[in-house]
Every structure is written in structure tokens, then in C-alpha cells.
Amino acid sequence: MEQHSQRGRMLGRCSMLLVLAIHSVQLILGFKVEAGVKTTEVEYVDKSTGVEHEVRCLRRKLLDETLSNELPSGTIRFSSQLVSIEESGHLKLLHLADGTTIKTKVLIGCDGVNSEVAKWLGFKKATFDARCAIRGYAVYKEVKELEENPLKMKEFVLSKLGKLPDNIKDVFGRTKVDDLVCSPLRYRAPWEILWADISTDNVCVSGDACHPMTPDLGQGFCSALEDGVVLAKCLAEAFARSSTGEKCSQEEEYERIKMSLSKYAKERRWRAFDLVSTAYMVGHLQFTTENVISFLRNKFLAPHMVTMLMKKATYDCGMLKAST
């Protein structure tokens, strides 16, 4: 950990293994919280290429604003909860809570872990993991009660840090209470991702609506962005004009949309299965209280678990071509 790092993102978990990712670091460190003993130290370098892995500390609000600012004014409708979906020929009719009805050629459910679109496709409710994550954001200037009371949430986290080194405790101490979030963890059963319909006709799901996962890999939001890139490429093919520049018929366009969403689902299914399964496994290895597994984790598995974080983040979902 370098003291001149400008920003650090912490994932505060009351577990035996704590991993901190700090911008501009050379190492990832793992600790046994109760004893303050370092269990692993892994270089933040891709050994196959010798290139340092990139870490970016990015607040979700800033990313949301940046992406939304690229859209035409009026594209995003707020306070528009989806109530039901109705079929109308090749179109879908979306009935909103405010009484509005929207017609659409393509319905992409990005409506989170409680997705109405996923429910329409036949997905079950996401499973609770019996854990909560308290996450925060600390800024370095030099180089049911917890959810409602951020100050008590911070006190709770600090009380669980055991004998960790003071410079690591300082990350939590510097985090403002307004930047702390407590949320129950939920995930989609991996086998459901394999068996269920990620797409049907001109409807599909992405992000947490498709593959909610525990935060143990730090890949939830990242995988949603991957979904977006793959989906954009597939839909671009569906809406591309012919070599003569003529538009296709509604029937042909509908079939092309179905094929593009099916292609998207096929490409993303195994990636989502891999991330959800691995995140679940890593999370429960960290939190287990079984003596033998705890011993193996602290003595042998910790470096592999940290390395896995980097490997799962190294994924190429392709490039988007600029429209002409």
C-alpha cells in the first residue's frame, strides 16, 4: 500500500480475510482480521505479460451520470416503475405505475435484482446469501438499525477490524458516514442462469436482472457493462441496413432481433455462470468457521483467492465500432 495514493475503495466485511484494493498499489494484501496476521501478499502484475493490472476507483454515481449524459435529452424516464408486460404482435406493451403505456420493438430488462422483466421471462427471485456487505469510499488528501444510522454502521465496522495494522484501519476511519452503504447480499442460483431463458423473442435481461452476484469478486457492475457491450454489438447487426440501404420488413426485423438477443444470451450465459459461481465460492471460503477449511484458507488458499480476483477481471468482451 502506498501512502501517496489519492483514493481508496474499501469493501468492509466482518470476515477472516480482508482484501483492500487501493488505486496505484503494487500489492494486494490479505489479512486474518482477528489476529491482524497477513495471510497473503500478491503482486498486482499479470505474470503472463508483465503488465501491471489496472485499478480504477470510480464512484457509481459519476459513471451513471457520464453514461446518461451521452443519451439524447428525454431518453431516461424517472419514477417509471414497470407493472406489467403485454404482447401486441411483434411489439411489447409496457404498463407503468403512473398509467403510461410504452410500445417497444426490443425490451431489455436492466431493472435490477427485483426485475419485473426477469420475472416475466420465468426467473425465480434472487436468493439471499445470509450475509450483508457494508461498503464505503475513503478519500486521502495527502499523497435494520445499521442501514438507518450510518454512524452506527461505521462504528460497527471499526469494532470488527480486530488487530489489523493501523494504516489499514485508517482507510475505514477516513470514510465518511454518508459514503457507507449496507445491503443484504443476493445472488442468482448458477444453474438457473444455465437453464432459464435469458432471452425470449424480443425480450432479454442484463446486469443484476440477469445475474445478481455477491461482491466477493468485485465484478457485478463490471459484468453489467460487459453485457451492454455485447448486447450493443448484437443489436447493431439486427438493425443494420442491407447493402442496398433498404430497410427490412417488420417481420424480418423481428426475426433479426430475436436472433441477435439469442446470440447475446448464448455469449453471456457461461461468463455469468462462471462469475456467480466463483463469487459464491470465494465468499463462503472467506466466511467459513469450519476449522479445517479455515486453516487451509489462511495457509494455502488465500493467495489463489486474491489471484482469482484479478483473473476474473481480465476479460475481453470485444470492441464497439463507432456508428457512421
Side-chain angles (χ1 to χ4, degrees), residues 64 67-126 186 188-189 192-212 223-269 271-273 317 320-321 323-324:
D64 288 342
L67 294 175
S68 63
N69 289 340
E70 292 297 314
L71 297 173
S73 178
T75 300
I76 299 177
R77 296 170 56 107
F78 295 97
S79 302
S80 300
Q81 182 178 356
L82 179 62
V83 175
S84 63
I85 302 169
E86 180 184 351
E87 297 192 53
S88 177
H90 294 329
L91 302 177
K92 293 295 184 287
L93 302 182
L94 312 181
H95 299 286
L96 308 183
D98 61 3
T100 304
T101 298
I102 299 176
K103 291 183 179 180
T104 181
K105 292 180 180 180
V106 185
L107 174 56
I108 304 168
C110 310
D111 45 343
V113 68
N114 296 312
S115 171
E116 285 294 326
V117 181
K119 181 180 178 182
W120 186 87
L121 285 171
F123 279 97
K124 298 178 182 178
K125 287 186 176 180
R186 288 189 281 178
R188 179 87 63 207
E192 189 178 8
I193 295 174
L194 291 183
W195 297 339
D197 293 323
I198 295 177
S199 73
T200 296
D201 297 334
N202 55 347
V203 180
C204 74
V205 283
S206 68
D208 280 351
C210 178
H211 45 69
S223 60
L225 292 177
E226 294 173 9
D227 289 345
V229 172
V230 175
L231 190 54
K233 291 191 298 181
C234 292
L235 284 175
E237 296 175 3
F239 287 106
R241 296 194 179 191
S242 66
S243 57
T244 61
E246 296 180 359
K247 289 186 178 180
C248 57
S249 66
Q250 289 186 352
E251 181 69 31
E252 183 183 354
E253 184 180 63
Y254 177 71
E255 292 299 323
R256 292 175 69 173
I257 290 171
K258 285 175 58 177
M259 290 178 60
S260 69
L261 295 187
S262 178
K263 180 180 179 181
Y264 154 77
K266 182 178 180 180
E267 182 170 341
R268 295 302 297 164
R269 191 182 301 276
R271 168 68 170 167
F273 172 83
C317 58
L320 284 175
K321 295 181 180 179
S323 59
T324 56

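No hydrogens, no waters, no symmetry mates; every other heavy atom, side chains included, goes into these values. Starting from 1, each residue takes its place in the sequence as its number. This structure is a prediction, so every number in the text was calculated from the model and none was measured.
- Residues satisfying the side-chain contact (heavy atoms from CB on, under 4.5 Å) criterion with Ala209, sequence neighbours excluded, are Asp111, Ser115, Val205.
- For the salt bridge (Lys or Arg N to Asp or Glu O under 4.0 Å) test, no residue two or more places apart in sequence or in another chain qualifies with Arg188.
- Between the NZ atom in Lys119 and the CD1 atom in Ile85 there is a gap of 10.5 Å [rounded to 0.5 Å].
- Applying the salt bridge (Lys or Arg N to Asp or Glu O under 4.0 Å) criterion to Arg269, with sequence neighbours excluded, gives no partner residue.
- For Ser249, the side-chain contact (heavy atoms from CB on, under 4.5 Å) partners are Glu251, Glu252, not counting sequence neighbours.
- Note on residues 89-111: pairs passing ring-ring contact (aromatic ring centres under 6.0 Å, His included), not counting sequence neighbours, are His90-Tyr254.
- Contact check for Glu255 versus Asp201: no side-chain heavy atoms found under the 4.5 Å cut-off.
- Ala224 is linked by a side-chain contact (heavy atoms from CB on, under 4.5 Å) to nothing, counting only residues two or more places apart in sequence or in another chain.
- Contact detail for Val113 and Pro212: the closest heavy-atom pair is CG2-CB, 3.8 Å.
- Atoms CD and CG, on Glu87 and Leu107 in that order, are 10.5 Å from each other to the nearest 0.5 Å.
- Under the side chain to side chain contact (heavy atoms under 4.5 Å, CB included) test applied with Ser88, the options Thr101, Leu93, Thr104 reduce to a single match, Leu93.
- Residues satisfying the ring pair (Phe, Tyr, Trp, His ring centres under 6.0 Å) criterion with Tyr264, sequence neighbours excluded, are absent altogether.
- At least one side-chain heavy atom of Arg77 sits under 4.5 Å from a side-chain heavy atom of Leu96.
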Would you give me the side-chain donor-acceptor pairs under 3.5 Å for residues 230-240, sequence neighbours excluded?
residue : atom : partner : partner atom : Å
Lys233  : NZ   : Cys317  : O            : 3.0
Glu237  : OE1  : Lys263  : NZ           : 3.2
Glu237  : OE2  : Lys263  : NZ           : 3.2

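- Residues satisfying the salt bridge (Lys or Arg N to Asp or Glu O under 4.0 Å) criterion with Glu253, sequence neighbours excluded, are Lys105.
- Side chain of Ser260 to backbone of Ile257: a donor-acceptor contact under 3.5 angstrom is found.
- The CG atom of Asp227 lies 10.5 Å from the CD1 atom of Ile108; values are rounded to the nearest 0.5 Å.
- Note that OG1 of Thr200 is 5.0 Å distant from CG of Leu121, once rounded to the nearest 0.5 Å.
- A 4.5 Å side-chain heavy-atom check between Asp208 and Asn114 finds every atom pair outside the cut-off.
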Verdict with supporting geometry, Arg268 and Glu226, side-chain contact (heavy atoms from CB on, under 4.5 Å): CA-CA 9 Å; Arg268 295 302 297 164; Glu226 294 173 9; 2.9 Å; yes
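- For Asn202, the side chain to side chain donor-acceptor pair (under 3.5 Å) partners two or more places apart in sequence, or in a different chain, are Lys92.
- Looking only at distances, a side-chain donor or acceptor of Asp98 sits under 3.5 Å from a matching main-chain atom of Thr100.
- Looking at Phe123 and Ile198, their side chains come closer than 4.5 Å, going by heavy atoms from C-beta outward.
- Here Lys124 does not pair with Glu192 in a salt bridge; the nearest charged N to carboxylate O distance is not below 4.0 Å.
- Ser80 places a side-chain N or O within donor-acceptor distance of the main-chain N or O of Phe78, the cut-off being under 3.5 Å.
- By the side-chain contact (heavy atoms from CB on, under 4.5 Å) test, Ser68 pairs with Ile76, sequence neighbours left out.
- With sequence neighbours left out, the salt bridge (Lys or Arg N to Asp or Glu O under 4.0 Å) criterion links Glu116 to no other residue.
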